[in-house]
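A short worksheet on the structure shown next.
Atoms within each ligand, like the ligands themselves, are counted from 1 in listed order.
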Amino acid sequence: MDTAFLDPSKLDEAAEFLKNGEVVAFPTETVYGLGADATNDEAVKKIFRAKGRPSDNPLIIHISSLDQLEQYVETVPAVARTVISHFWPGPCTLVLKKKGPIAASVTGGLETIGVRMPDHPVALELIEKAGVPLAAPSANSSGKPSPTTASHVKRDLDGKIRAIVDGGATGVGLESTVLDLTDPKKPTILRPGGVTFEELEAVLGRVWLDTHLSDQSAAPKSPGMKYKHYSPEKPVWVLPDTLEAAANLIAELERDGEKAGLLASSEWLEQLETSRRTCCSLGEKSKPQQAAARLFSSLRELDDEEVSIILVEPYEKKGIGTAYMNRLEKAASRIL
Ligand code: TXA
Ligand code: MG
């Protein structure tokens, strides 16, 4: 199939493809999504085929108005209204009891549905023009780092999907937070993301974490969290959290003949010998949102370089650092 590359002035064309049951990649504020009409089962199945995604991993539906929310979920509890008033449009997906004509393959047999309103003008306009909610996972091949530019999408899916809308680089760089509100008394984060635990707690009082986020042996409630994810071809290791230990490890690996690609804060890179090494900066250590925005694209970048191993600096697990570390640890074959 020929994949069309469209700029955001061509959204009528992109919407037409979607109405005809085709699959179109589009930008959101988090990462690029691979969208299809969420009410058309055949169209949704094309997403799974293009990505090579396991069919038991449900998709998020993307909406552009609160009317659509009422159409596709049984009830909107007060706790959901609070989250929506603070964080929508934005990177927070709500899991609620589903209703209405959502295609069976969107939810993989679950009674619940994940729904969010993306904070991106192109995404919102495209959903509006298509006239239906769009089921959309991240627009990468299953297992690869999520795409933050249209060229990442092209790299993974060219020839497998109908079109890619190029809206430039995404802002947040990591996916949305998935918040389970099926028990309104116990709002539970299933996947950390763009809206932080601390931000949610500030408006909800108390927020729970799905047990698998702290206990690796527990089964995750969000089906997608059980898969290995976000990985480039090269092995990824998470470095120790002090510069001295990290520098020692890098030297040891290089003595063993490894060619290290380093992904680290500007402060660490100033202290490491960057001139003879392949490096990518995560920005200043005090700005973890920059690290979050750069993680996936840098993993792809280093994967394309002549390195044998990718070594990444850990950040503190608080604020957006929690989502950064969650994705990094899933990408990594080894955590030191
Ligand atoms: O930022 C994002 O969320 C991006 C953009 C494109 O919106 N989308 C995204 O989709 O990350 P995906 O498919 O890569 O991840 C969706 C996650 C998976 O972990 C999935 O298991 C979970 O959301 N999920 C979806 N529906 C669910 C449900 N009903 N119950 C529990 N988890 C659900
Ligand atoms: Mg994904």
- Query: Between Cys92 and Ser176, which heavy-atom pair has the shortest distance, and what is it?
  - Reply: N-CB, 4.0 Å
- Region of Asp180 engaging ligand 1 - heavy atom pairs below 4.0 Å: neither
- Item | Heavy-atom gap Thr107 to ligand 1 smaller than 4.0 Å | no
- Message: Take a 6.0 Å sphere around NZ of Lys285 and say whether it holds more than 12 heavy atoms from other residues, nucleotides or ligands.
- Response: yes
- Message: With heavy-atom distances below 4.0 Å as the criterion, list the atoms of ligand 1 near Thr112.
- Response: 28 (C), 29 (N), 30 (N)
- Per-atom contacts, ligand 1 versus Gly33 - under 4.0 Å to a heavy atom: 6 (C)
- Note on the structure: Atoms of ligand 1 under 4.0 Å from any heavy atom of Ile113, numbered from 1 in the order shown, are 29 (N)
- Note on the structure: With Asp158 as partner, the option from Arg155, Lys160, Arg162, Lys154 fulfilling salt bridge (charged side-chain N to carboxylate O under 4.0 Å, His left out) is Lys154
- Message: Below the 3.5 angstrom mark, is there an N/O of Arg191, backbone or side chain, next to an N/O of ligand 1?
- Response: yes
- Note on the structure: atom 9 (C) of ligand 1: of Pro118, Gly114, Ser138, the nearest heavy atom sits on Ser138
- Message: His62 versus ligand 1: do any nitrogen or oxygen atoms come within less than 3.5 Å of each other?
- Response: yes
- Task: Determine, step by step, whether Asn20 and Asp37 satisfy the side-chain contact (heavy atoms from CB on, under 4.5 Å) criterion, reporting the C-alpha distance in whole Å, the side-chain angles of both residues, the deciding distance to 0.1 Å, and the verdict.
- Result: CA-CA 9 Å; Asn20 290 332; Asp37 175 353; over 6 Å; no
- Look only at the side chain of Lys19 and the backbone of Gly131, and say whether a donor-acceptor pair between them is shorter than 3.5 Å. no
- Query: Counting from 1, what ligand 1 atoms have a heavy atom of Glu175 closer than 4.0 Å?
  - Reply: 1 (O), 2 (C), 3 (O), 11 (O)
- Item | Exercise: identify the closest heavy-atom pair between Ser146 and Val31 | CB-CG1, 3.9 Å
- Query: Does an N or O anywhere in Thr28 fall below 3.5 Å from an N or O of ligand 1?
  - Reply: no
- Under 6.0 Å from the CZ atom of Arg277, do we count more than 12 heavy atoms belonging to anything else shown? yes
- Query: Among Ala136, Gly108, Pro147, whose heavy atom sits nearest atom 8 (N) of ligand 1?
  - Reply: Ala136
- Message: Yes or no: does Lys98 have any heavy atom under 4.0 Å from an atom of ligand 1?
- Response: no
- Message: Is any side-chain heavy atom of Leu134 closer than 4.5 Å to one of Phe26?
- Response: yes
- Item | Atoms of ligand 1 close to Thr30 [distance to a heavy atom under 4.0 angstrom, numbered from 1] | 1 (O), 2 (C), 4 (C), 5 (C)
- Measuring from the heavy atoms of Arg53, does anything fall under 4.0 Å of ligand 1? yes
- Item | Under 2.8 Å: N/O/S of Ser146 next to the Mg ion (ligand 2) | no
- Item | Nearest neighbour of atom 28 (C) of ligand 1 from the list Leu110, Val106, Leu174, Leu59, on a heavy-atom basis | Leu110
- Message: Could you tell me if the side chain of Val238 sits less than 4.5 Å from the side chain of Val312, heavy atoms only?
- Response: no
- Check whether any side-chain heavy atom of Leu181 lies under 4.5 Å from a side-chain heavy atom of Val95, and answer yes or no. no
- Message: As a quick check of understanding, evaluate side-chain contact (heavy atoms from CB on, under 4.5 Å) for Leu179 and Leu200, giving each step before the final call.
- Response: CA-CA 10 Å; Leu179 183 67; Leu200 285 167; 4.1 Å; yes
- Message: For the residue pair Lys99 and Tyr72, would you count it as a cation-pi contact if the rule is NZ or CZ under 6.0 angstrom from the ring centre and within 45 degrees of the ring axis?
- Response: no
- Item | Atoms in ligand 1 with a heavy atom of Asn57 nearer than 4.0 Å | 18 (C), 20 (C), 21 (O)
- Note on the structure: At under 4.0 Å between heavy atoms, what of Val178 touches ligand 1? The answer is side chain
- May I ask you to check if ligand 1 and Arg116 share an N or O to N or O distance below 3.5 Å? yes
